[in-house]
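This report concerns only the one structure given below.
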Amino acid sequence: METVKTINTRKKTIKSCCILAALLLFFLGMLAACGVGVYNDSEQYITMHIHREPLYPLFLAFFRQISGEGYLMAAAAVQNILTAVGIWLFTSYVSDRFKLRLWEEIAIVLLQLVPHLMTRYVSALHIFLENSVMSEALCIPLFYFFIYFLLRMVFEGDARDRVLALVFAFLLSMTRGQMMTTILVWMIVAMIQVLFKKRYRALFVIAIVTAGIFGLRSLTVHVYNYGVTGYFMGNTYGQVNTLTNVIYACDEEDGEVFEEGSLEREFFDRFYAEADALQANYKYGGDTFAQRAEHLEEYHDLLKFQVLEADMSAYFFGLGKVDYYQQSSMSDELAGRMLKKLLPACFGQWLYDYILLCTYGLIRSIAVVHPLINWATFVLYGIAVALAAWQLRRGKSKDAPWMMGVALLFIAANAGATSITIMCLSRYMIYGFSLFYTALYVLLRECVTSVIKQHKEDGKEY
């Protein structure tokens, strides 16, 4: 005769399998209905462009090797399957950890689907990300695996989970440069854990491991680019991206930091004049906070491609006997030299613009930018912080405040890092959406449960 425990285990297994099957049906159904999406950036991944991180181009190359002409469909199918498995794994863990009921677990699953449906039916490009030939399509499932092991690292404290969380952080950083923030998030979480345990010497170990992972990432990128291009070099144009927002923040007199007649001064004068002619300068950004942020986002790509990249490419190609990879490297080196002198000269204005971009990044992480929503978004952040602090202060907390802490830490790191080089488009911020609202739900649930329990212990009716 079956025991109650055996029956419950069987029911749990059947429920889990049904949820996974439903997720697979949804994602593969969307692939069948919408097909593979090829966009402007897709060609760079297919051709292993020097600007792109290695993992996604290698992912595509693997399916090209084994599937031939139908490789994009095969790759998209695996992207969808990985995302379904990632959502299932994350949701199952949250459900088990917080002892959620079936309807709550289903609600958490549906919450994970919201960003996918928003980018498909609300955004301007109408992209279903998991069907697209874009690095986000691989980043999303990798992020679910990272968060799953990071939460296990926080709650279980197992060395295996710590290692696997770092492995997925490394893989994320090899897929999109902005996701190097996951390595830093891992480092901060690990340091907080050892501080609570008063193992202060372990801080140095964590710092060394983190530095080693960044070093391994750089070496891997260089080796990959050497294999593809014949040049032992990193990805290019990161510094050109950063210089774009610095040029946007400059006044004409800031060029005086460069010596008269120097190459850097010649480029600055040209950049500033062309940016001014295009009105791609902070002076034309408007008066309000929103106008300034929207103007910067609108003109970033125009300034980068039509001014900085066009002028530097023309100059270095004009030298003769310079191929595309050498030109890219030279442009990045020039941008780096200009940044060192120019950023201190316009730091105040650059910092203001940076805060604008970060603000929009924080909004887009959990909502959409709209005058009626913007303030409400920060009120929601405030509520989340207040509830987590209240639970911790009452000493009634279990896990929910720590999950919210992980969510807020990642959102802040992602918005802050992305704003340094580019603007915070929704598809760059998508990773924090479901994580935040899942954490908020379990936090609210834990607060309500603890209050009811406290009232019962005090002998009060509730």
Side-chain angles (χ1 to χ4, degrees), residues 40-41 43-45 47-53 57 177 218 221-222 224-226 228-285 295-347 349-350 353-354 419-423:
N40 292 337
D41 293 344
E43 188 64 24
Q44 293 190 1
Y45 297 112
T47 59
M48 299 183 164
H49 197 281
I50 191 69
H51 294 179
R52 299 300 177 178
E53 288 77 10
S218 178
V221 171
H222 278 69
Y224 163 80
N225 285 332
Y226 180 77
V228 173
T229 69
Y231 291 98
F232 190 74
M233 59 193 295
N235 294 122
T236 57
Y237 271 62
Q239 297 195 90
V240 174
N241 278 335
T242 304
L243 181 62
T244 300
N245 285 348
V246 172
I247 293 293
Y248 179 91
C250 282
D251 292 306
E252 188 171 11
E253 57 269 23
D254 292 332
E256 294 174 4
V257 298
F258 303 117
E259 293 183 15
E260 193 70 40
S262 66
L263 181 63
E264 290 84 355
R265 179 60 182 269
E266 290 179 13
F267 269 107
F268 175 83
D269 290 341
R270 190 183 309 173
F271 291 160
Y272 184 85
E274 292 178 16
D276 192 59
L278 293 170
Q279 297 190 346
N281 184 273
Y282 79 92
K283 295 184 296 184
Y284 303 98
H295 184 268
L296 175 52
E297 290 187 337
E298 180 182 356
Y299 281 91
H300 174 92
D301 281 352
L302 183 69
L303 182 58
K304 178 174 68 177
F305 293 121
Q306 293 192 20
V307 179
L308 273 70
E309 186 172 345
D311 288 351
M312 287 190 287
S313 296
Y315 173 80
F316 288 117
F317 280 133
L319 296 176
K321 297 182 180 179
V322 175
D323 64 23
Y324 177 77
Y325 302 111
Q326 292 171 314
Q327 175 269 317
S328 294
S329 180
M330 291 174 177
S331 295
D332 224 35
E333 289 175 6
L334 173 64
R337 294 199 304 270
M338 294 183 70
L339 276 171
K340 288 179 182 178
K341 290 191 175 181
L342 199 55
L343 183 56
C346 66
F347 183 77
Q349 182 57 49
W350 175 87
D353 295 338
Y354 175 73
S419 297
I420 291 176
T421 57
I422 198 170
M423 60 280 200

request  = Mind running side-chain contact (heavy atoms from CB on, under 4.5 Å) on F258 and M338 for me, showing each step along the way?
outcome  = CA-CA 8 Å; F258 303 117; M338 294 183 70; 4.0 Å; yes

So which atom in [X] and which in [Y] form the shortest heavy-atom distance, rounded to 0.1 Å?
X	Y	value
Q239	L339	O-CD1, 3.7 Å
A345	V257	CB-CG1, 3.7 Å
Q44	R52	OE1-NE, 2.8 Å
V246	C346	CG1-SG, 3.6 Å

Applying side chain to side chain contact (heavy atoms under 4.5 Å, CB included), name anything that partners [X], two or more places apart in sequence or on another chain.
X	value
Q349	A249, Y282, R292, Y352, D353
N225	I50, V221, T229, M233, N235
E252	Y272
H295	Y248, Y284, Y299

request  = From the options N245, V240, I247, select the one residue that forms a side chain to side chain contact (heavy atoms under 4.5 Å, CB included) with L243.
outcome  = I247

Using distance only, find each side-chain donor-acceptor pair of residues 312-319 under 3.5 Å and give its atom names and separation, not counting sequence neighbours.
from : atom 1 : to   : atom 2 : distance (Å)
S313 : OG     : E309 : O      : 2.8
S313 : OG     : Q327 : NE2    : 3.0

Could you tell me which residues satisfy salt bridge (charged side-chain N to carboxylate O under 4.0 Å, His left out) with [X], sequence neighbours excluded, listed by chain and number?
X	answer
K341	none
D323	none
E264	R337

query = Between M423 and D301, is a side-chain contact (heavy atoms from CB on, under 4.5 Å) present by the stated rule, with each step listed?
reply = CA-CA 9 Å; M423 60 280 200; D301 281 352; 3.8 Å; yes

ask   = Within the distance-only criterion (no hydrogens, no angle test), does the side chain of S329 pair as donor or acceptor with the backbone N or O of Y325 below 3.5 angstrom?
value = no

My understanding is that only residues two or more places apart in sequence, or in another chain, count here; which of them pass ring-ring contact (aromatic ring centres under 6.0 Å, His included) with [X]?
X	value
H300	none
H222	F232
Y226	none

ask   = side chain to side chain donor-acceptor pair (under 3.5 Å): which pairs involve residues 253-263, sequence neighbours left out?
value = E260-R265

Could you grab the distance from atom [atom1] of [X] to atom [atom2] of [Y], nearest 0.5 Å is fine?
X	Y	atom1	atom2	answer
D276	F271	CG	CZ	15.0 Å
D311	E266	CG	CD	12.0 Å
L308	N241	CG	CG	9.5 Å

Trace of the side-chain contact (heavy atoms from CB on, under 4.5 Å) decision for Y231 with Q326 = CA-CA 9 Å; Y231 291 98; Q326 292 171 314; 3.5 Å; yes

